[in-house]
Amino acid sequence: MMAYIIRRTLYAIPILIGVNVLTFVLFFVVNSPDDMARMQLGEKRLTEEAIQSWKEERGYDKPLLFNHQEQGFGKVTETIFFKKSVRLFLFDFGRSDSGRDISQDIKQRMWPSLAIAIPGLIIGLLVNISFALLIAFFRGTYLDITGVVLCVILMSISGLFYIIGGQFLVGKLMNLVPISGYDSGFEAIKFLILPVLVGLIGGIGSGTRWYRTIFLEEIGKDYVRTARSKGLSERLIMFRHVLKNAMIPILTGVVVILPLLFMGSLITESFFGIPGLGSYTLDAITSQDFAIVRSMVFLGSVLYIIGLLLTDISYTLVDPRVRLQ
Amino acid sequence: MPVILWTDGLIFLLLFMVIMFVFHVRRHEHLRRPWRTVLRSRVAMASAVILSIYLLIGLLDSLHFHPKLENPKDGVTQYSSQIKSVFDVVVSHLQENDEKTYSAPFAAYQYSKETIEKEDGSTVREYPRLEFGGAHLADPEIEKKSDIIHIILKSSFKSLLVFFLLCLFVLWRIAKNKGWLIRDTLSSIIRGQTEAPWFVILFTLGFSLWFLLTAWDLSHFYHIFGTDKVGQDVFYQAMKSIRTGLIIGTLTTLVMLPFAVLMGISAGYFRGWVDDIIQYIYTTLNSIPGVLLIAASILMLQVYMSNNAEEFTSLAARSDMRLLFLCIILGVTSWTGLCRLLRGETMKLREVDYIQAAQAFGVGNMTIIMRHILPNVMHIILISVVLDFSGLVLAEAVLSYINIGVDPSMNSWGNMINSARMEMAREPIVWWSLVAAFVFMFVLVLAANLFSDAIRDAFDPRLREREE
């Protein structure tokens, strides 16, 4: 087990290097360090010296990927790519191009993201599983058919409709909660209700349908038939046997997204004006702040890989037959 | 003078491939069988009718040309630099009758007040009459309602007539094919005893026909979905957006399919270092958040376009290039799922007896893949293609909304929603653009979802066993 985890961690390194190279190339195909300096300094008439000193200050004065003037290893190490990437692997994000401390920003902005993501995940799971259990219990009846049709209809509505409709209905027409924004402490709750609610309603269709298929798959298994032949009531079978066993695929499916909750949702956060990591990333893209984009992509990939690893481990925990090698 | 934009060419290539596929399937009984279950499904056929109407509009809108100039100088025929589509010609009355600014659906007066000079020289602030919407009425307050009802009744009668003729034609075809009497055919259609659910098909067709004809007739006298900020007809915009939605949904798949199939099958079949490399590629791509990848690529394209502005002869060619690029980049971010599925399935397949036997006989790897593996994973490819479609249509709207989608000058539901969002704060609220975009998108996505469900049920043998 331990050996497996270590090997997977080592395996993550080439992936992270790949991710880094890709972000780097994608970003610098468009921009040159000179463009970045002009954009950040934001003045119309810039002297060549100002650009040079900006680049020197932030370490953008070296060649991008390959330095022809250096000797030996210096050819690779004395470049923007190498200098910037090595520090990322030590989780030292440094300063953004506009001069802010990225680690500090991430620490601060993590909480609003989590404040939406965690309640959203838990409430969503509870609601979706209850609905799915209900329509799986009444499978084959009109309740089941209506439920499935309703799910498809809910799935077919654009997510934007839920957001705009929610903001209009709850925020503007009924005036219950503010449309967007954020506040610290317990005041934040009134800003969180709407995004969580919208996320819940938007996800109900696909979620319920997905869990329904999991339940139906479980109901078709042999142990359910055995339980029935022993004379157990359908209700008992559903709650004591099917629900418990179905939790295995459900929970292992959830584990993979757990680490990514930190990253927040790009779209929800920018719509509701939540100062989380998602809107942080989106702002960085629009203002072309390479340091932030690169740090967030790196963080995202690390969390994704952790998620995959956690999934594998959780499989062995719930099902002893699975061996990791 | 016809113009073929990149996406036009690709969409007709795709159409051609689908037609070839249909012919191929028709010749093989074992391939026809699952399709027959789809044909028998009532929901699937109703959605297929709706989808084909969308497709028809989208295809008409993909036939582009440079229109002839009205007054050619010195007798030589000249062509405008503008690009129009056949669909534009069909609905030319919608495109040309612009108002000044917002007006509500079926309105005869403008949304906002203007200063109007009266005959005696005094000025008043009031809502001006629209130049086009309801312009034929003397007094809209009194006449409008009865006029609208009158038009609806007239076109309902017309559509009923067309529908009746259509029914007769279908009846005659079925009766001739099966050698039945017309009377027996009619009763078996009504009782639902025909192989394909003709009753449902005709009903859906009749309803869409009624809607289209009524909307067509009404749109000659009113803006049935209102007008937008610059006074363009919203109904026209929503219909023009159909092409954008269809292209995003289909071309993306066309772009990613070769990669996913090639890589997925070779990873599963050859294993070893090939598998390692392909797994490495898709894990790397997967671990970059998709929105970031799309945003970075769109930024890249914008810079490229502003540096090479002379390569793009017209606005349409420019936005078309961006649309194609968006399809490609969406394809890059979405091929990994299918690739992984194919890899798993191929790994299972290569252990099956008949493939082991083929290998023992010394059949080449390429032949085994083409002859034995590809046909056996075809259903997975088909299912994932149709399942992806609706997700991609919805994704377009979200991406356009955060300005990394299609070109802002292009008609798309995302752009419509994006520009309408700013007007939510107005009083009275400007809701029609939003609603039109959402309704058109909803109908397409719902039909696509229902159709793809039917396909999945018919093609996934695992699922069929479970339900029996």
Side-chain angles (χ1 to χ4, degrees), chain A residues 11-12 14-19 21-23 25-27 29-31 35 148-149 152-153 155-161 163-165 167-168 172 179 205-206 209 213 216-217 219-220 260 263 265-267 270-271 278 281-282 284-286 288 293 296-298 300-305 307-308, chain B residues 43 276 279-281 283-293 295-304 390-391 393-404 413-414 417-418 420-421 424-425 429 431 434-435 437-438 441-450 453 462-463 465-467:
Chain A
Y11 182 62
I15 290 179
L16 289 176
I17 293 176
V19 168
V21 173
L22 205 62
T23 4
V25 169
L26 269 180
F27 200 88
V29 163
V30 187
N31 290 289
D35 293 338
V148 173
V149 169
V152 178
I153 290 178
M155 270 167 69
S156 308
I157 298 174
S158 165
L160 294 176
F161 179 79
I163 295 176
I164 296 176
Q167 282 182 334
F168 181 70
K172 198 178 166 198
I179 288 177
S206 53
R209 224 165 82 111
T213 34
L216 287 185
E217 206 156 311
I219 287 170
L260 283 173
M263 296 289 289
S265 155
L266 290 174
I267 287 147
S270 66
F271 276 116
T281 319
L282 213 59
I285 295 174
T286 38
Q288 309 211 345
V293 173
M296 292 309 292
V297 171
F298 183 79
S301 341
V302 170
L303 292 171
Y304 176 76
I305 292 166
L308 290 183
Chain B
V43 182
D276 286 340
Q279 271 200 65
Y280 170 74
I281 294 174
T283 322
T284 309
L285 272 179
N286 243 0
S287 53
I288 300 179
V291 183
L292 283 181
L293 205 63
S297 318
I298 290 292
L299 276 179
M300 198 172 91
L301 183 78
Q302 272 171 344
V303 172
Y304 174 78
S390 52
V393 175
L394 291 176
E396 182 274 325
V398 175
L399 291 178
S400 300
Y401 195 95
I402 44 180
N403 285 326
I404 51 174
W413 292 312
I417 295 168
N418 196 6
R421 171 181 61 133
M424 292 288 286
I429 179 172
W431 49 270
L434 271 181
V435 169
F438 279 131
M441 194 155 61
F442 171 69
V443 173
L444 175 64
V445 172
L446 183 65
N449 271 338
L450 292 172
D453 276 357
R462 202 170 56 105
L463 210 75
E465 274 161 27
R466 202 176 59 216
E467 295 203 337

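Letters go in sequence order (proteins before strands), and every chain restarts at 1.
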Roughly how far apart are B:W431 CH2 and A:F168 CZ, rounded to 0.5 Å?
-> 11.5 Å
Any B:I417 side-chain heavy atom under 4.5 Å of A:F161 side chain = no
Nearest 0.5 Å please: distance from the CZ atom of A:R209 over to the CG atom of B:N449.
-> 7.0 Å
Give, for atom CG of B:N286 and atom CD1 of A:I305, the distance between the pair rounded to the nearest 0.5 Å.
-> 10.5 Å
Run the side-chain contact (heavy atoms from CB on, under 4.5 Å) check on A:Y304 and B:I288 step by step: do they pass?
-> CA-CA 9 Å; A:Y304 176 76; B:I288 300 179; over 6 Å; no
Interface moiety of A:L303 toward chain B, non-hydrogen atoms closer than 4.5 Å = neither
If you tally heavy-atom pairs under 4.5 Å between each of A:V293, A:V302, A:I164, A:L308 and chain B, the highest tally belongs to A:I164
4.5 Å side-chain heavy-atom contact, A:T281 and B:V291 = no
The reported gap from CD1 in A:I15 to CD1 in B:I281 (rounded to nearest 0.5 angstrom) is 11.5 Å
Answer with side chain, backbone, both or neither: which region of B:L434 has an atom nearer than 4.5 Å to a non-hydrogen atom of chain A?
-> side chain
Which one of A:L160, A:V149, A:I157 has the most heavy-atom pairs closer than 4.5 Å to chain B?
-> A:L160
Measuring heavy-atom distances to chain B, does A:L22 have an atom under 4.5 Å in its side chain, in its backbone, in both, or in neither?
-> side chain
For A:I267, is it the side chain, the backbone, both or neither that has a heavy atom under 4.5 Å from a heavy atom of chain B?
-> side chain
State the OG-CG distance between A:S156 and B:L394, to the nearest 0.5 angstrom.
-> 7.5 Å
Under 6.0 Å from the CZ atom of A:F298, do we count more than 12 heavy atoms belonging to anything else shown?
-> yes
Examine whether an atom of A:I219 lies under 4.5 Å from a heavy atom of chain B, and if so say whether it belongs to the side chain, the backbone or both; otherwise answer neither.
-> neither
